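Inspection log for the structure reproduced underneath, given as C-alpha cells.
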Amino acid sequence: MPELPEVETIKNELKPFLINKRIIGVKLENKKIIGYPKPKDFLKKIINKKILNIDRKGKYLILKLSENYNLTFHLRLSGRLIYDENLEDKVKYTRIKFLFNKGTLSFSEPRLLGRVYLYPVDELPKSLSSLNNLGKEPLMPEFNFQYLKTKIKNRHTNIKSLLLDQKIACGVGNIYSDEALFCAKIHPKRKGSSLKDEEIKRLVKCLKKIIKIAINKKGTSISDYLRPDGKVGSFQKYLKVFRKEGERCIRCNGKIRRIKINNRSSYFCPNCQKEV
DNA sequence: ACAATATCCTGCGAGC
DNA sequence: TGCTCGCAGGATATTG
C-alpha cells in the first residue's frame with residue numbers, strides 16, 4: 001500500500017519524465033476514478049494543460065499544471081502510476097490514461113478506491129478538504145517530541161490508530177506504523193495518553209529513521225506497489241514485523257503476532273512490545 | 001471533540 | 001480444476 005515513502009519515490013521518479021509535458025489526450029476507462037469534477041468537465045479542462053512541477057503532501061501526489069490547476073492523485077490501497085515512454089497498452093487495471101506528445105501516464109487501480117482530482121489551486125473541492133487538515137510529516141523538523149506529545153497526550157485511543165491518523169502522523173500507513181512501534185518497543189494497543197515521555201521520544205526517532213530508510217530503498221513492494229517504471233522497491237527486505245506473523249523477532253527471538261486493531265492487521269513482538 | 005464502527009471496492013488466496 | 005468465502009485496508013461518513 002502506498003504510504004509516504006512510496007508516494008515520494010513515485011514523485012521523484014516521475015518528475016524527470018513529466019515536467020514540461022503537455023496533456024494532449026485522456027483515455028478514461030472507468031468514471032469512478034475521477035473524484036472531481038464531473039468526468040465531462042474533467043476531460044474538457046485537462047486538455048492542453050502542461051505539467052510544470054510535482055509535489056507530494058502526505059500520501060497525495062500533486063501535479064502542478066499550467067493555468068494554475070492542480071491534478072491530484074490518491075492511490076489508496078492498490079493504485080499505481082506507470083509511465084511509459086512508448087504507447088503500449090499493457091498496464092492492467094488502467095482506469096485513466098494521460099497521453100503526451102511522447103509517452104503516457106497510466107493510473108492503474110484494481111480496487112477502484114483511488115481517485116484523481118482536477119481543480120484550480122485556489123478552489124480546493126470539498127472532497128479534498130482533508131488536504132488542508134494534514135498534520136506534520138515525520139521527516140519535518142516540526143515533527144518532534146513536543147508536537148507528538150501534544151497530539152496524543154489526551155487521547156484515549158490506541159497508539160496504532162493515532163499513528164494512522166493523517167492529522168497526526170501525515171503519510172504514515174499500516175506498514176510504517178507497525179515498524180516504528182516495533183523499533184520503539186511500544187505495544188500497538190497502548191493508549192496514547194499512557195505513553196511516557198521517553199517512549200514518545202523513541203517513537204519520534206524511530207518514525208524518522210524508518211521513513212528515511214524506506215525512501216532510500218524506494219518503498220516497500222510487498223503487495224501492489226510498483227515504481228513508475230514497473231520496478232519494485234526494496235524496503236520489504238528490511239521489515240522486522242510487518243506481515244511476519246509466526247516468524248521470530250530479530251531482537252529477542254519471540255514469536256511475532258498479528259492482531260486486529262480497528263479491523264486492520266497489526267504486527268508486533270509481544271515480548272519486546274509489552275501491553276502494560 | 002472524541003471514539004468506535006460501517007462503507008467503499010475487487011482481486012486474490014485459502015480451503016474444499 | 002473450479003467453486004465459494006473472506007480478507008486486504010486508507011479515508012470518509014455515520015453513529016453514539
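Below, chain A is the first sequence line, B the second, and so on; all start at residue 1. Note that the coordinates shown come from a computational prediction; the quantities given were computed from them, not determined experimentally.
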_Sub-2.5 Å SG contact, A:C183 and A:C206_ = yes
*Among A:K160, A:R264, A:R258, the one residue meeting side-chain hydrogen bond (donor to acceptor under 3.5 Å, both in side chains) with A:D178*: A:K160
*Which word best sums up how the rings of A:F235 and A:Y176 line up, parallel for under 30°, tilted for 30 to 60°, or perpendicular for over 60°?*
tilted
*Going by the angle between their ring planes, with limits at 30° and 60°, are A:F42 and A:F98 parallel, tilted or perpendicular?*
tilted
*Does anyone know the first and last nucleotide of DNA chain C in reach of chain A, 5' to 3', at under 4.0 angstrom to a heavy atom?*
C:dA8 to C:dT12
*Give the rounded distance in Å between these two atoms: CG of A:N262 and P of B:dC2.*
16 Å
*Rounded distance (Å) that lies between atom C1' of B:dA4 and atom NZ of A:K189*: 13 Å
_When you measure from the centre of the six-membered ring of A:Y93, is the NZ or CZ of A:R80 closer than 6.0 Å and no more than 45° off the axis?_
no
_I want to check a possible cation-pi pair here: A:K49 against A:Y69, using under 6.0 Å from ring centre and within 45° of the ring axis as the test._
yes
*Begin from the C-alpha positions of A:Y117 and A:Y36 and carry the test ring pair (Phe, Tyr, Trp, His ring centres under 6.0 Å) through to its verdict.*
CA-CA 5 Å; A:Y117 308 83; A:Y36 185 90; 7.8 Å; no
*asked:* On DNA chain C, does the nearest nucleotide to A:S129 precede the nearest nucleotide to A:F242 from the 5' side, or the other way round? Give the residue.
replied: A:F242
Using a heavy-atom cut-off of 4.0 Å across all strands, would you classify [X] as base, sugar-phosphate, or nothing?
X: A:Q166; value: sugar-phosphate
X: A:K260; value: sugar-phosphate
X: A:S223; value: nothing
X: A:S161; value: nothing

*Dump the intermediate steps for salt bridge (charged side-chain N to carboxylate O under 4.0 Å, His left out) on A:K189 and A:E275, then the final yes or no.*
CA-CA 7 Å; A:K189 273 195 166 168; A:E275 188 155 10; 5.3 Å; no
*Please report the C-alpha distance between A:K185 and A:E199 in whole Å, then the side-chain angles of each, then the deciding distance to 0.1 Å, and finally whether the salt bridge (charged side-chain N to carboxylate O under 4.0 Å, His left out) criterion is met.*
CA-CA 8 Å; A:K185 302 184 184 176; A:E199 293 176 315; over 6 Å; no
Could you list, one pair per line, each protein nitrogen or oxygen that sits under 3.5 Å from a nitrogen or oxygen of nucleotides 8-11 of chain B, together with the distance?
none

*Could you say whether A:K191 or A:N263 is positioned toward the 5' end of DNA chain B, judged by the nucleotide with the nearest heavy atom to each?*
A:K191
*Relative to the 5' end of DNA chain B, which residue comes earlier, A:K92 or A:H156, by the nucleotide with the nearest heavy atom?*
A:H156
